[in-house]
Amino acid sequence: MAGSSFTSEHRYGKQGEVYHDDGREQDLLKHIFSLPPRELSKLRNNSKAILSTIDKFATSKYLMNIGEMKGLHIVNQISTVRPKICLELGGYIGYSTILFGSAVKEAAGGNNAAKYYCLEHNPVFAAIIMALVDLAGLSDVVKVVIGPSTESISRLAEEGVLKDGVDFMFLDHLKPLYTPDLKLCESLGLIKVGTVLAADNMVKPGNPPYHKYVNMSPSEKAVEAEGKKGAERGDPTLRYENEWIESWEPQAVRDALEISKIFDGV
């Protein structure tokens with residue numbers, strides 16, 4: 001259970017009815033790279049400073065980022081698990097990519113054998129992520145993959161870059177895709193003992209199908225999977241141990257994360 005108060009240093013502006021893909025993302029990139037040379041130089045290879053700059057921008061023009069408070073919970077998970085292979089489903093403008101990619105790099109002791117694959121469907125957003133990741137000095141760890149998440153997961157698996165499975169996966173893309181993409185990863189053998197899943201927006205807007213799935217027992221999953229094959233079936237033998245973490249969106253709206261870890265197999 002998280003603290004009951006909103007304590008973030010930055011409070012984002014109101015979300016509004018139109019809150020993304022209206023040019024604000026490009027405005028952020030222009031803002032950062034139009035800073036005076038001395039200020040811009042302070043951002044190079046400085047993830048914390050870049051995130052702070054994004055947060056300050058979003059106080060007047062909302063951005064759908066995970067924010068400081070929820071982000072810290074996941075950084076703590078990364079520091080504990082020290083993942084080598086990570087997947088992020090939905091990168092938006094790269095806030096979480098930089099925050100978690102930096103944590104992965106630090107947890108690996110600077111060893112660039114650790115990889116953080118950010119899967120982003122929107123090519124414009126992906127380009128923004130790549131520019132900011134490069135500014136942060138994380139290009140040795142972070143790889144941005146452009147395209148639909150389901151296709152990108154399958155392609156990465158086929159290419160062999162996920163042959164040892166996924167150690168950490170952050171789900172923050174289209175909410176109806178959480179469960180199908182998790183089942184796809186299960187069917188490909190990417191989810192293993194030790195894998196940690198972090199699902200965002202479990203209250204705002206919520207994701208009952210995903211919550212139900214990760215909390216089902218193997219026997220319940222087996223009944224649901226009867227007659228299904230491949231990605232539609234997933235791996236009913238996997239059992240997750242789940243932690244519900246209440247926290248805040250960066251505009252001071254309540255939300256929650258659900259952290260899931262493989263408990264055992266049957």
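Keep in mind the model is a prediction, meaning the values are calculated, not measured.
E258 and N207 form no side-chain donor-acceptor contact under 3.5 Å, judged by distance and modelled atom types alone. S5 and T7 share no donor-acceptor pair across their side chains, judged by distance under 3.5 Å alone.
Scored by the ring pair (Phe, Tyr, Trp, His ring centres under 6.0 Å) test, Y62 finds no partners at all (sequence neighbours excluded). Qualifying side chain to side chain donor-acceptor pair (under 3.5 Å) partners for S102, counting only residues two or more places apart in sequence or in other chains: none. When the side chain to side chain donor-acceptor pair (under 3.5 Å) test is applied to N122, no partner is found at least two apart in sequence or on another chain. The side chain to side chain contact (heavy atoms under 4.5 Å, CB included) check on V196 picks up Q77, V81, F168, I259, K261, with sequence neighbours excluded. For N76, there are no side chain to side chain donor-acceptor pair (under 3.5 Å) partners two or more places apart in sequence or in a different chain. In terms of the side chain to side chain contact (heavy atoms under 4.5 Å, CB included) criterion, residue partners of P250 (sequence neighbours excluded) are, by chain and number, Y12. For S41, there are no side chain to side chain contact (heavy atoms under 4.5 Å, CB included) partners at least two apart in sequence or on another chain. Looking at residues two or more places apart in sequence or on another chain, you find a side chain to side chain contact (heavy atoms under 4.5 Å, CB included) between T179 and K183, P209, Y210, Y213. With sequence neighbours left out, S60 forms a side chain to side chain donor-acceptor pair (under 3.5 Å) with no residue at all.
Other members of the cluster containing L177 are L174, with ILVMFWY side chains joined at under 4.5 Å, either directly or via other members.
Remark: R82 CZ is loosely packed, at most 12 non-hydrogen atoms of other residues, nucleotides or ligands lying under 6.0 Å away.
Here side-chain hydrogen bond (donor to acceptor under 3.5 Å, both in side chains) pairs that include residues 153-171, with residues two or more places apart or in two chains, are R155-E159, D167-K192. Counting only residues at least two apart or on different chains, no salt bridge (charged side-chain N to carboxylate O under 4.0 Å, His left out) pair has a member in residues 86-100.
Exactly one residue among L135, I98, T97 makes a side chain to side chain contact (heavy atoms under 4.5 Å, CB included) with S47. That residue is I98.
Looking at heavy atoms from C-beta onward, K221 lies in side-chain contact with E186 at the 4.5 angstrom threshold.
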Start with the C-alpha distance between D181 and T150, add both sets of side-chain angles, then the distance that settles side chain to side chain donor-acceptor pair (under 3.5 Å), and finish with yes or no. CA-CA 6 Å; D181 279 348; T150 304; 2.7 Å; yes

